[in-house]
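I have placed the structure first, in the form of structure tokens, so that the comments after it can refer back to it.
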Number of protein chains: 2
Amino acid sequence: MVQDRVTSIEVARRAGVSQSAVSRVFTPGASASPKMAAKIRKVADALGYRPNVLARSLITGKSRIIGVVVAYLENQFYPDALEKLSMALQARGYHVLVFMAAQDAGNIDQVLDEIVDYQVDALVMASVAMSSTLVERCDAAGIPVLLFNRRQDDARFASVTSDNVAGGRKLAEFLIKGGHRKIAHIAGWEGASTQRDREQGFREGLAAGGMKLFSRAVGNFDFEQSKDAARELFNSFDPPDAVFVANDHMAFAVMETLRSELGLRIPQDVSVVGYDDVPIAAWPSFDLTTVRQPSDLMVEKTVVSLLDSIDNPLSEPRQVAIDGPLIIRGSARKPQ
Amino acid sequence: MVQDRVTSIEVARRAGVSQSAVSRVFTPGASASPKMAAKIRKVADALGYRPNVLARSLITGKSRIIGVVVAYLENQFYPDALEKLSMALQARGYHVLVFMAAQDAGNIDQVLDEIVDYQVDALVMASVAMSSTLVERCDAAGIPVLLFNRRQDDARFASVTSDNVAGGRKLAEFLIKGGHRKIAHIAGWEGASTQRDREQGFREGLAAGGMKLFSRAVGNFDFEQSKDAARELFNSFDPPDAVFVANDHMAFAVMETLRSELGLRIPQDVSVVGYDDVPIAAWPSFDLTTVRQPSDLMVEKTVVSLLDSIDNPLSEPRQVAIDGPLIIRGSARKPQ
DNA sequence: TGCATATTTGCATTCCTATGCAAAATTACC
DNA sequence: GGTAATTTTGCATAGGAATGCAAATATGCA
């Protein structure tokens, strides 16, 4: 059952050549004569030989593995991005080693140890914050780090986000033009740059229109907590007439609560806008006005940045923020 | 920036011991005196030494990597299971290497090559069919394979599913007791065992109640195609009064189409039931009656089976089918 | 054809850790 | 304290492939 692996030595023996010849045939960029390559390929195919990636990694120092740390896959934005990222990397000969880490970062340290153990070529942190000690560790290990959907002022790592400040501003402008007077905000986790940026842009937009936030609650990017936040804001004798929920995932929780629990109609009684434009946002039941995070583009930029930092480790990490369009649907009253 | 890795030899040198001593301290089960262990650990910590998993794999023949092949993450059941599986394996010192493969199996062969290259200890195929040639390949490579949420008659691999036949039967009984007379079915991909089993159970249940399927369409587990299927079945002068959609993901598409496009009320005009009980099914907008696939339990069984087949390669693969409860909510008329 | 240059090929070594074996150190027991 | 039994330690090697270097072939050009 458990056959011995076919090695390059075995192939070499049967083809009557040296092990190095076999190696060169399977190493992109190495030189081998067409004749030799043909002969070796034939034997290799017959035996079912394939180079052992692990052994190769040992000597090249490159594992062709990208570690991806992700906190939770409940918010559809992440599985979607993970799927795209995985496919894009796969197409370039890389693969994704997944590490789950709780949001609260308690076990991130341990997770990071494990990552370093696997000699990953680079690291993508999706919606996970990096403490400065973690930065040091990766830096010391020579592993380039890219923050996905998060940004950090530390110039030592690359990041790819959407332009959250601009997006927040667009939403504020849209709600103001829609004639809303009492505009509230349900925030995600306050430690997240996405949260801070979106809120900042939103507040700027309000200020530019001579308004300010009517009320505010925190949902921590969590479904259940967002329901509580909705109750908190709307169980009031003077509730808001519009609310910007910091991402779509929370917005669904808010919409469900407003409609089924508080008996409010959307958008007649209250307008709701979100952020991300996950597929569910387009479902008729939600029809959510939101800012699209262009995940295809974000993944594309991520891959380019990643490969660049792998190929030349001295290149400066870049912080990319991609503009995302406002997607106007029916969950918020529209400007006349 | 790119430091040299700290190796066991370096640690040994600084601690004034042999490399083997260092190795033994970091190899579970190897013997080292407490004194020596303490000394080495101290030096190792100071240098930030951690064993290189890849080098270790090379010699032990175990990579502690589990390959997971998954077709698409759009159906929430899969990211959810992936998250749980990843955490469970992580807790046992394994990690998940993700491979995306298109449903149509065109590129599965290539994907499999890549998997073998990485010397994974085992393989989980989530909702991906195995052709018999693929079976041979894995068998030859000595890689145990487990089908997750799929079953195959071939006794050569383990599988973990819910008891789809029983689940289908429960749904039929429930709909019959609810007084439905025209019961339809929207099927997933017909090549999937889950589809065949659910439908078989459902038909058996109908037959036991002296009924048979009123009409049928195919949604291929795809959101858009399921909308078409709904249109096909319900744009009729004699539409069904109940429909069993083969999974929740498709059921949402069907519900959206029935309500927003065809103006039908659920459950007053038509009852809808699904399968999986993904989190969204509990949202008030859908409130979907469905059969729960106990993903915690399924993951648990998967991990146990996986580790067992890794530890003793001669053990017989087991096919596990876990019973899932009917979750009665409001999307289907209830029995009086 | 002859010589200089470019390309292939093989040899030997390297990457880092685990492990069988034998030597050394420790422990147990009389 | 002395010998036997046990544990600890170091030595040397293996695992599979990549690569610098030198030798061997092939190519170019007059």
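Chain letters run A, B, ... following the sequence lines, proteins first, then strands; residues in each count from 1.
Contact between the side-chain N/O atoms of B/S33 and the OP1/OP2 oxygens of D/dT9 is found at a separation under 4.0 Å. Side-chain nitrogen and oxygen atoms of B/S20 include none within less than 4.0 Å of the OP1 or OP2 phosphate oxygen of D/dG10. Listed pair A/S8 / D/dA17 meets the phosphate criterion, a side-chain N or O lying under 4.0 Å from OP1 or OP2. Here A/S18 does not reach the OP1 or OP2 of C/dT9: none of its side-chain N or O atoms lies under 4.0 Å away. For D/dG16, neither phosphate oxygen OP1 nor OP2 lies less than 4.0 angstrom from any side-chain nitrogen or oxygen of A/Y49. Residue A/S57 places none of its side-chain N or O atoms closer than 4.0 Å to OP1 or OP2 of C/dC15.
Whole-Å rounding puts the A/K35 NZ to C/dT9 C1' distance at 11 Å. Atom CZ of B/R13 is separated from atom P of D/dC11 by 15 Å (rounded to the nearest Å). The separation between A/L58 atom CG and C/dC15 atom C1' is 4 Å, rounded to whole Å. Distance B/N52 CG to D/dG16 P: 16 Å, rounded to the nearest Å. As rounded to whole Å, 17 Å separates atom C1' of D/dG16 from atom NZ of B/K62. Between the CZ atom of B/R64 and the C1' atom of C/dA18 there is a distance of 15 Å, given to the nearest Å. As a whole-Å value, the separation of A/R24 CZ from D/dC21 P is 13 Å. The interatomic distance linking B/L54 (CG) with C/dC15 (P) rounds to 16 Å, in whole Å.
Base engagement by A/S23 is indicated by at least one non-hydrogen atom pair under 4.0 Å involving a base atom. A/T60 comes within 4.0 angstrom of the backbone, heavy atoms only, and of no base. Among the protein residues, A/V17 comes within range of the sugar-phosphate backbone only, with heavy atoms under 4.0 Å from sugar or phosphate atoms but none that close to a base.
Using a 4.0 Å cut-off between charged side-chain N and carboxylate O, A/K84 and A/D296 make a salt bridge.
Judged by closest nucleotide on DNA chain C, A/A32 is the one of A/A32 and A/Q19 placed further toward the 5' end. Nearer the 5' end of DNA chain C, as judged by each residue's closest nucleotide, is the contact made by A/A37, out of A/A37 and A/A55.
For A/R13, the side-chain hydrogen bond (donor to acceptor under 3.5 Å, both in side chains) partners two or more places apart in sequence, or in a different chain, are A/E10.
Each of C/dT17, C/dG10, D/dG10 was ranked by its minimum atom distance to the side chain of B/I59; first place goes to C/dT17.
Ring planes of B/H95 and A/Y118: perpendicular class, angle over 60° (limits at 30 and 60°).
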Note to self: Run A/R150 and A/T194 through side-chain hydrogen bond (donor to acceptor under 3.5 Å, both in side chains) and show every step you take.
What the structure shows: CA-CA 6 Å; A/R150 285 286 186 282; A/T194 35; 3.0 Å; yes

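For A/F221 and A/Y72, the ring centers are positioned 6.0 Å apart or more.
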